[in-house]
Visitor: 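Following this message is one structure expressed as structure tokens.
Just so it is clear, the structure is predicted and the values come from calculations on it, not from any experiment. All chains are named by letter (A, B, ...) in the order of the sequence lines, taking the proteins before the strands, and each is independently numbered beginning at 1.
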Protein chains: 2
Amino acid sequence: MGIDERLHASGMRMTVQRRLVLEALQRARHHVTADDIATRIRARHPQIDPSTVYRNLEALEELGYVTHTHFDDRVTRWHRAEAERHGHLVCRSCGAEQEVPIGLLEPLARRLREEHGFRADLAHSAIVGICKDCSTVSSE
Amino acid sequence: MGIDERLHASGMRMTVQRRLVLEALQRARHHVTADDIATRIRARHPQIDPSTVYRNLEALEELGYVTHTHFDDRVTRWHRAEAERHGHLVCRSCGAEQEVPIGLLEPLARRLREEHGFRADLAHSAIVGICKDCSTVSSE
DNA sequence: ACCACTATTGCGGCTCTTTGCGATAAGCTC
DNA sequence: GAGCTTATCGCAAAGAGCCGCAATAGTGGT
């Protein structure tokens, strides 16, 4: 089922702006901010409003087409949901970002599920800490 | 060593506002937002500026007196650092918050450390997911 | 092709948080 | 207690994100 039908099935419409947001997100490799998207779209369509971008990202997220992750700089980053799910490590010292396979996080997710009945989405927030490089530098 | 000396040792000064922020935080049981604190202080000291509260929270965090956690509503919550470290589970459906012992998160922290050299601070961001109650309701 | 219905847009405005800047006031020295 | 250095404050403004509202425009029906 194409995205147009999916939208339609949810009572949503395919608008120019919606398509632009989706396209911008598909062109983006990874983790862009809403503002990034707005800026890219504005290059060709200067009239698009930031709030339109925000609302469309939310709408597309509801359909499962995109996902967002909270990074530590309290900026939300968006990416296509099709991309393989993965966890995010962010260094609070140098800001470096790293992806880890979701399988690494699974044992914790299982424990939370079994012991607390909590279905965790461990890819939703970046894991903050100190990366290897910063760690070795500061401990010398 | 009292807080006054600690401040002093770091080249900081104890001001009226700083003391007010600290006191408000001590009175608060758990996880308050900077805005909560500003509101409480303003009840008696209407002239305090929000930015002063933010800056003081940061200053006190540097000294290790307070800590912050990112919840899913992209609001930062603060609490005294003395309190036992713990993880936070937040339900994205009903918003319920739950604390879990830090030990539960330790195995993941260890793996990240051993396999990626990443020293994770798993208490820094709340873990988002669906809580037990919402899970049972929606799956029926 | 035209109409009605309503999802969506753009705009203005608001919240939360951070930052720059000139003014204020801790805390030291004399 | 006066003077000095500079940490801190209050204010203004900016950035990210969100919301209400009136205007616009997809869509299905005629």
Side-chain angles (χ1 to χ4, degrees), chain A residues 2-22 24 31-42 44-63 65-66 68-78 92 95 125-126, chain B residues 2-22 24 31-42 44-63 65-66 68-78 95 125:
Chain A
I3 190 160
D4 287 50
E5 293 98 72
R6 292 274 303 260
L7 278 169
H8 194 249
S10 307
M12 296 177 183
R13 296 166 184 172
M14 179 49 92
T15 63
V16 179
Q17 293 85 339
R18 189 107 83 202
R19 197 182 308 279
L20 288 169
V21 170
L22 197 56
H31 310 113
V32 289
T33 67
D35 198 52
D36 288 338
I37 295 173
T39 303
R40 286 172 200 223
I41 296 178
R42 253 195 299 275
R44 298 198 153 286
H45 303 262
Q47 78 292 352
I48 200 167
D49 192 84
S51 66
T52 299
V53 175
Y54 285 109
R55 283 188 281 225
N56 274 316
L57 286 170
E58 275 170 35
L60 292 169
E61 181 169 46
E62 251 180 68
L63 285 189
Y65 273 89
V66 308
H68 72 268
T69 300
H70 296 288
F71 280 68
D72 193 41
D73 52 7
R74 71 209 138 307
V75 172
T76 305
R77 315 275 191 100
W78 300 79
R92 68 150 52 102
S125 295
Chain B
I3 190 159
D4 286 50
E5 292 98 73
R6 292 275 303 261
L7 279 169
H8 194 249
S10 307
M12 296 178 184
R13 295 168 184 172
M14 178 50 92
T15 63
V16 179
Q17 294 85 340
R18 189 106 84 202
R19 198 184 306 281
L20 287 168
V21 169
L22 196 58
H31 306 113
V32 289
T33 66
D35 199 52
D36 287 338
I37 295 173
T39 305
R40 287 173 201 221
I41 296 178
R42 251 195 302 275
R44 297 200 153 285
H45 304 263
Q47 78 292 351
I48 199 167
D49 192 82
S51 67
T52 300
V53 174
Y54 286 105
R55 283 189 280 227
N56 274 316
L57 286 170
E58 274 170 37
L60 292 169
E61 182 169 46
E62 249 179 70
L63 284 190
Y65 272 90
V66 308
H68 72 270
T69 301
H70 295 289
F71 279 68
D72 192 41
D73 49 9
R74 79 205 137 299
V75 171
T76 304
R77 314 275 191 100
W78 300 79
S125 295

Visitor: Could you work out, with side chain to side chain donor-acceptor pair (under 3.5 Å) as the rule, every residue matching A:Thr15, not counting sequence neighbours?
Guide: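 Expected list: none.
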
Visitor: Any residue in residues 50-57 of chain B with a heavy atom nearer than 4.0 angstrom to DNA chain C? Just list them by number, or reply none.
Guide: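 The answer is B:Ser51, B:Tyr54, B:Arg55.
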
Visitor: Please name all residues satisfying side chain to side chain donor-acceptor pair (under 3.5 Å) with B:Thr52, sequence neighbours left out, ordered by chain then number.
Guide: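 Applying side chain to side chain donor-acceptor pair (under 3.5 Å) to B:Thr52 gives none.
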
Visitor: Please examine the side chains of B:Leu20 and B:Asn56, heavy atoms only from C-beta on, and report whether any two atoms are closer than 4.5 Å.
Guide: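 Side chain of B:Asn56 against side chain of B:Leu20, heavy atoms only: no contact under 4.5 Å found.
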
Visitor: Identify whether any heavy atom of B:Thr33 sits under 4.0 Å from a base atom; if not, whether one sits that close to sugar-phosphate; answer base, sugar-phosphate or nothing.
Guide: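 The residue B:Thr33 makes no contact with any strand.
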
Visitor: With distance as the sole criterion, is a donor-acceptor pair present between the side chains of A:Thr39 and A:Asp36 under 3.5 Å?
Guide: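 Their side chains do not contain a donor-acceptor pair, so the 3.5 Å distance test is not met.
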
Visitor: Just so I know, are the side chains of A:Ile3 and A:Met12 near enough to count as touching, which here means a heavy-atom distance under 4.5 Å?
Guide: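 No, side chains not in contact.
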
Visitor: Below 4.5 Å, heavy atoms only, C-beta onward: do B:Asp35 and B:Val75 meet side chain to side chain?
Guide: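 Counting from C-beta outward, B:Asp35 and B:Val75 never come under 4.5 Å.
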
Visitor: Could you check how far CH2 of B:Trp78 sits from P of C:dT18, rounded to whole Å?
Guide: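 It works out to 7 Å between those atoms.
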
Visitor: For the pair made of CG in A:Leu20 and C1' in C:dT9, what is the distance, rounded to whole Å?
Guide: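 The distance from CG of A:Leu20 to C1' of C:dT9 comes to 13 Å, rounded to the nearest Å.
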
Visitor: Take atom CZ of A:Arg77 and atom P of D:dG17, then tell me their distance rounded to the nearest Å.
Guide: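 My rounded result for the distance is 10 Å.
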
Visitor: In whole angstroms, how far is the P atom of C:dT17 from the CZ atom of B:Phe71?
Guide: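 Value for this atom pair: 13 Å.
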
Visitor: Quick one: are A:Ile37 and A:Leu57 in side-chain contact, heavy atoms under 4.5 Å?
Guide: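 Yes, their side chains come closer than 4.5 Å.
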
Visitor: Not counting sequence neighbours, which residues clear ring-ring contact (aromatic ring centres under 6.0 Å, His included) with A:Tyr54? List them please.
Guide: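 In terms of ring-ring contact (aromatic ring centres under 6.0 Å, His included), with neighbours along the sequence ignored, A:Tyr54 is linked to no residue.
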
Visitor: Mind calculating the distance between CD1 (B:Ile41) and C1' (D:dG10) to the nearest angstrom?
Guide: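 Roughly 14 Å, once rounded to whole Å.
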
Visitor: To the nearest Å, how far apart are B:His68 NE2 and C:dC16 C1'?
Guide: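 About 15 Å, once rounded to whole Å.
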
Visitor: Can you build the contact string for nucleotides 23-30 of chain D? Use B for base contact, S for sugar-phosphate-only contact, and - for no protein heavy atom under 4.0 Å.
Guide: --BBSS--

Visitor: If I take atom NE2 in residue B:His45 and atom C1' in nucleotide D:dC9, what distance separates them, rounded to the nearest angstrom?
Guide: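 Spelled out: NE2 on B:His45 to C1' on D:dC9 is 15 Å.
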
Visitor: Just to verify, what does B:Ser51 make a side chain to side chain donor-acceptor pair (under 3.5 Å) with, not counting sequence neighbours?
Guide: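 Expected list: B:Asp49, B:Arg55.
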
Visitor: It should be established whether B:Gln17 places a side-chain nitrogen or oxygen under 4.0 Å from OP1 or OP2 of nucleotide D:dG10.
Guide: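 For B:Gln17, the contact criterion (side-chain N or O under 4.0 Å from OP1 or OP2 of D:dG10) is met.
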
Visitor: Nearest to the side chain of B:Ile48 - D:dG17, C:dC11, D:dG10?
Guide: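 Looking only at side-chain atoms, B:Ile48 lies closest to D:dG10.
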
Visitor: Provide, to the nearest angstrom, the distance between the CG atom belonging to B:Asp36 and the C1' atom belonging to C:dT17.
Guide: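 B:Asp36 atom CG is separated from C:dT17 atom C1' by 14 Å.
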
